[in-house]
Amino acid sequence: MNSDWTVVYDNGYQAQAKWLADQLGISASDWAPTNQNVIHLGWGKITLNGSDQWHEAYRLDVQPEQQRIEIDAPDQAGALYAAQSLLQLKSGDSIKAVTLTDAPRFAYRGLSVDAARNFRSKEAIFKLLDQMAALKLNKLHLRLSDDEAWRIEIPALPELAEVGSKRCHDLSETRCVLPFLGAGPDGTEASDGYYTTEDYQAILRKADALNITVIPEVDMPGHAHAAIKAMEARYHKYMAQGDEAKAKEYLLTDFEDDTQYLSVQMFTDNAINVCMESSYRFADTVVSALVDAHRDVQPLSTFHFGGDEIAGAWTDSPICQSFITNNDTGVSSVDDLSQYFVERISHIAQRYQLDLGGWEDGLMHTNQVYPRSQLTNQQVYGNAWQNIWEWGVADRAYNLANSGYGVIYNQATHLYFDHPYEPDPSERGYYWAPRFTDTRKTFSFMPDDLYANANTKRNGAPITKKEVIEAATVKTLTRPENVLGLQASVWSETIRSDGQFESMTFPRLFAMAERAWHRADWEANTQNEKEANQTQRKVDYNLFANQLANYWFPQLEQQGIGFRLPVPGGMIENGELKANSPFPGLAIEYSTDNGASWQTYDAANTPHVSTPVQLRTVSGERVSRISKID
């Protein structure tokens with residue numbers, strides 16, 4: 001391939017053709033004077049395994065004899081993915097001669113990014129979107145609020161950004177929220193910040209060009225400390241001006257509520273009062289602002305209300321006690337309030353013709369799923385996350401799907417990337433779900449039989465699929481059509497910088513993307529009672545791991561992505577150093593002089609050494625954390 005080539009496109013595929021041409025440094029046109037040196041991109045019917053594919057599928061046919069490349073796709077997303085595959089087949093000026101027919105396993109292939117606990121810059125999100133598109137991921141679930149911060153401009157409620165996006169030592173929390181997560185008395189670059197409407201729309205434009213739908217999450221009624229304090233600051237401001245009506249317009253707090261509760265993150269005041277009409281006025285205003293921000297850029301399709309981890313609020317709220325006594329909505333106790341809130345939020349979203357998303361525990365109370373018929377949105381889905389095997393709630397995903405909800409598998413044991421890569425105190429991350437999650441573990445996730453993924457408890461002790469099923473109330477998935485896809489999550493309590501964010505995300509995101517796009521032959525499957533084939537899985541993972549080390553790591557480095565390199569393993573046996581890496585093909589270096597100099601390890605000619613020895617893996621200019629053999 002050279003500059004003589006042209007991307008020729010059919011009507012409707014101009015944007016994807018222009019994108020591909022820009023990547024290749026050639027021109028794009030709706031015609032060409034010759035059939036040679038042409039990449040033709042246009043509509044085509046795709047049939048795979050005897051079934052017609054109408055969404056995100058493609059056929060890529062590289063024809064060296066004709067000096068022509070043919071791309072057929074039934075939609076623009078498929079054309080973009082064919083272009084991505086073409087670029088990944090290119091080496092120098094050559095492209096491999098192949099014919100590919102491909103389509104995704106799941107319609108929903110996503111990543112959720114916590115921009116609230118520590119802020120992720122617009123530039124970091126831009127870089128992430130490019131990588132997501134290369135991996136054919138199509139949903140960015142952006143968590144824009146939490147207890148510790150509010151991260152999106154809402155023009156009608158400027159206090160959310162002015163107060164809720166900053167941390168400082170102000171005990172009244174009228175200028176900022178308290179300095180959680182190491183922010184210090186004056187805040188930091190990681191702790192402070194928010195997306196202006198212009199910033200957010202820039203993210204939307206880039207995402208839309210890459211076939212990535214942005215799903216904004218504003219968590220409520222729990223995890224809402226920053227919003228609550230911002231609206232209290234608003235209240236005090238207008239009360240000082242003598243405008244009581246305006247002060248109470250969006251208030252989220254019953255000041256006479258004496259309920260004592262403690263959230264998982266140690267908050268005593270993070271639940272919006274769901275008995276106050278001002279709370280729903282607040283929710284409607286936020287949703288309306290998000291709809292406006294998306295309009296003419298990427299029309300908003302889904303509002304994610306979070307709904308997770310509500311910590312026993314409202315029991316001693318006079319406003320709630322009065323509401324429970326005098327309502328005509330069927331609410332007879334505090335236990336009914338969460339469902340009432342979800343139904344109200346559902347109606348708000350429906351007024352804007354939006355689908356509704358929530359975390360699994362936002363759609364149920366004490367493991368009882370709310371009636372799907374009470375929620376008016378065309379699609380309501382839950383992110384099923386709480387599958388810690390010994391907790392006895394690993395059946396929540398099946399429970400939701402069988403009850404008529406859409407389900408996104410977002411399992412904490414395999415798909416939470418805030419956990420360490422390995423169980424070592426030198427590794428960044430929490431360990432409340434599993435002790436660690438490495439790339440192999442994510443790669444090994446089997447969506448078609450959730451219980452087959454059970455192997456260890458949180459402390460590393462073994463647990464079996466049989467034990468998990470015996471403890472489960474819902475033992476089988478009867479409505480598999482409601483499983484919409486997979487999503488990984490990067491929570492940011494321990495992530496201070498964009499570089500740390502990238503190292504926690506990559507390379508694990510590659511493994512999640514593989515499982516979201518492709519159903520492997522070795523996977524367990526409840527539909528045909530097939531057990532996992534461990535031998536095939538090892539072979540498949542070795543191929544995958546080699547591809548990471550030899551192709552993707554250099555690509556990431558070239559694009560400035562701060563991916564994590566694994567720490568090598570090593571031992572000294574009869575005076576010979578033996579070392580290996582989780583990614584075959586990745587270079588290993590060793591030092592016998594405490595890091596003053598490094599030598600390349602050659603497994604075919606193992607060096608004779610004496611302790612101590614230091615080891616590290618290397619990819620280009622990047623190096624791993626150092627391990628030591630004493």
Side-chain angles (χ1 to χ4, degrees), residues 111-129 131-132 140-153 160-170 173 175-196 199-200 203 214 216-219 222-227 229-230 263-267 270 304 306 308-309 359 385 412 415-421 427-433 437 487-506 508-509 560-564:
L111 176 68
S112 71
V113 174
D114 171 15
R117 266 59 174 270
N118 280 301
F119 189 51
R120 297 279 69 80
S121 68
K122 178 180 70 173
E123 292 72 25
I125 298 297
F126 278 7
K127 290 172 67 177
L128 176 66
L129 288 168
Q131 300 307 317
M132 288 178 64
L140 174 62
H141 172 170
L142 198 54
R143 189 170 171 105
L144 295 169
S145 73
D146 214 304
D147 293 320
E148 299 87 351
W150 181 280
R151 302 299 193 187
I152 182 74
E153 178 183 13
L160 287 169
E162 292 170 358
V163 176
S165 73
K166 295 181 241 178
R167 297 182 199 149
C168 69
H169 186 68
D170 173 15
E173 294 187 281
R175 294 186 294 110
C176 58
V177 293
L178 285 171
F180 313 108
L181 303 175
D186 300 312
T188 66
E189 185 177 351
S191 72
D192 296 359
Y194 66 94
Y195 303 116
T196 66
D199 290 337
Y200 187 65
I203 290 170
V214 176
E217 178 190 348
V218 173
D219 204 356
H223 281 282
H225 175 86
K229 291 303 176 182
S263 77
V264 174
Q265 288 78 21
M266 305 298 175
F267 285 88
N270 75 337
H304 200 291
D308 57 313
E309 296 184 328
W359 295 97
W385 61 277
L415 301 172
Y416 268 27
F417 294 168
D418 60 326
H419 284 56
Y421 279 90
E427 289 289 319
R428 179 179 304 281
Y430 282 158
Y431 45 86
W432 61 265
T437 298
Q487 178 168 288
S489 292
V490 188
W491 304 98
S492 67
E493 291 98 322
T494 66
I495 298 175
R496 300 280 193 264
S497 68
D498 291 343
Q500 291 170 357
F501 166 73
E502 290 170 352
S503 72
M504 296 298 279
T505 305
F506 300 101
R508 288 186 284 202
L509 190 61
I561 301 296
F563 62 97
R564 178 191 183 269

Item to check | Smallest separation among heavy atoms of D498 and S121, with atom names | outcome: OD2-OG, 2.7 Å
Checklist entry - Which atom names give the shortest non-hydrogen contact between H419 and Y431, and what distance separates them? => result CD2-CA, 3.6 Å
Checklist entry - Is R564 close enough and on-axis enough to Y421, meaning under 6.0 Å and within 45°, for cation-pi? => result yes
Item to check | side chain to side chain contact (heavy atoms under 4.5 Å, CB included) assessment of Y416 paired with T437 | outcome: CA-CA 8 Å; Y416 268 27; T437 298; over 6 Å; no
Checklist entry - Do W385 and H141 pass the ring pair (Phe, Tyr, Trp, His ring centres under 6.0 Å) test, and can you show the C-alpha distance, the side-chain angles, and the key distance before you say yes or no? => result CA-CA 14 Å; W385 61 277; H141 172 170; over 10 Å; no
Item to check | F119 and F501: CA distance, side-chain angles, deciding distance, ring pair (Phe, Tyr, Trp, His ring centres under 6.0 Å) verdict | outcome: CA-CA 10 Å; F119 189 51; F501 166 73; over 10 Å; no
Item to check | Taking every non-hydrogen atom, the tightest pair across A116 and L144 | outcome: CB-C, 4.5 Å
Checklist entry - Where do S145 and W150 come nearest, in terms of heavy atoms and distance? => result CB-CE3, 3.5 Å
Item to check | E148 and H225: CA distance, side-chain angles, deciding distance, side-chain hydrogen bond (donor to acceptor under 3.5 Å, both in side chains) verdict | outcome: CA-CA 7 Å; E148 299 87 351; H225 175 86; over 6 Å; no
Next on the checklist: Do R175 and C168 make a side-chain contact, defined as non-hydrogen atoms from C-beta onward lying under 4.5 Å apart?
Outcome noted: yes
Item to check | Aromatic ring proximity Y194/Y200, centre distance under 6.0 Å | outcome: no
Checklist entry - Do F180 and F267 pass the ring pair (Phe, Tyr, Trp, His ring centres under 6.0 Å) test, and can you show the C-alpha distance, the side-chain angles, and the key distance before you say yes or no? => result CA-CA 11 Å; F180 313 108; F267 285 88; 5.0 Å; yes
Next on the checklist: Quick one, H223 with D308, criterion side chain to side chain contact (heavy atoms under 4.5 Å, CB included). Give me CA distance, side-chain angles, the key distance, then yes/no.
Outcome noted: CA-CA 8 Å; H223 281 282; D308 57 313; 3.4 Å; yes
Item to check | Salt bridge D146-R117, side-chain N to carboxylate O under 4.0 Å | outcome: yes
Next on the checklist: Using every non-hydrogen atom in the two residues, find where C176 and D170 come nearest and quote the distance to one decimal.
Outcome noted: SG-CB, 3.7 Å
Next on the checklist: For a quick test of reading the model, state the closest non-hydrogen atom pair linking R167 to S191 and the distance between them.
Outcome noted: NH1-CB, 3.3 Å
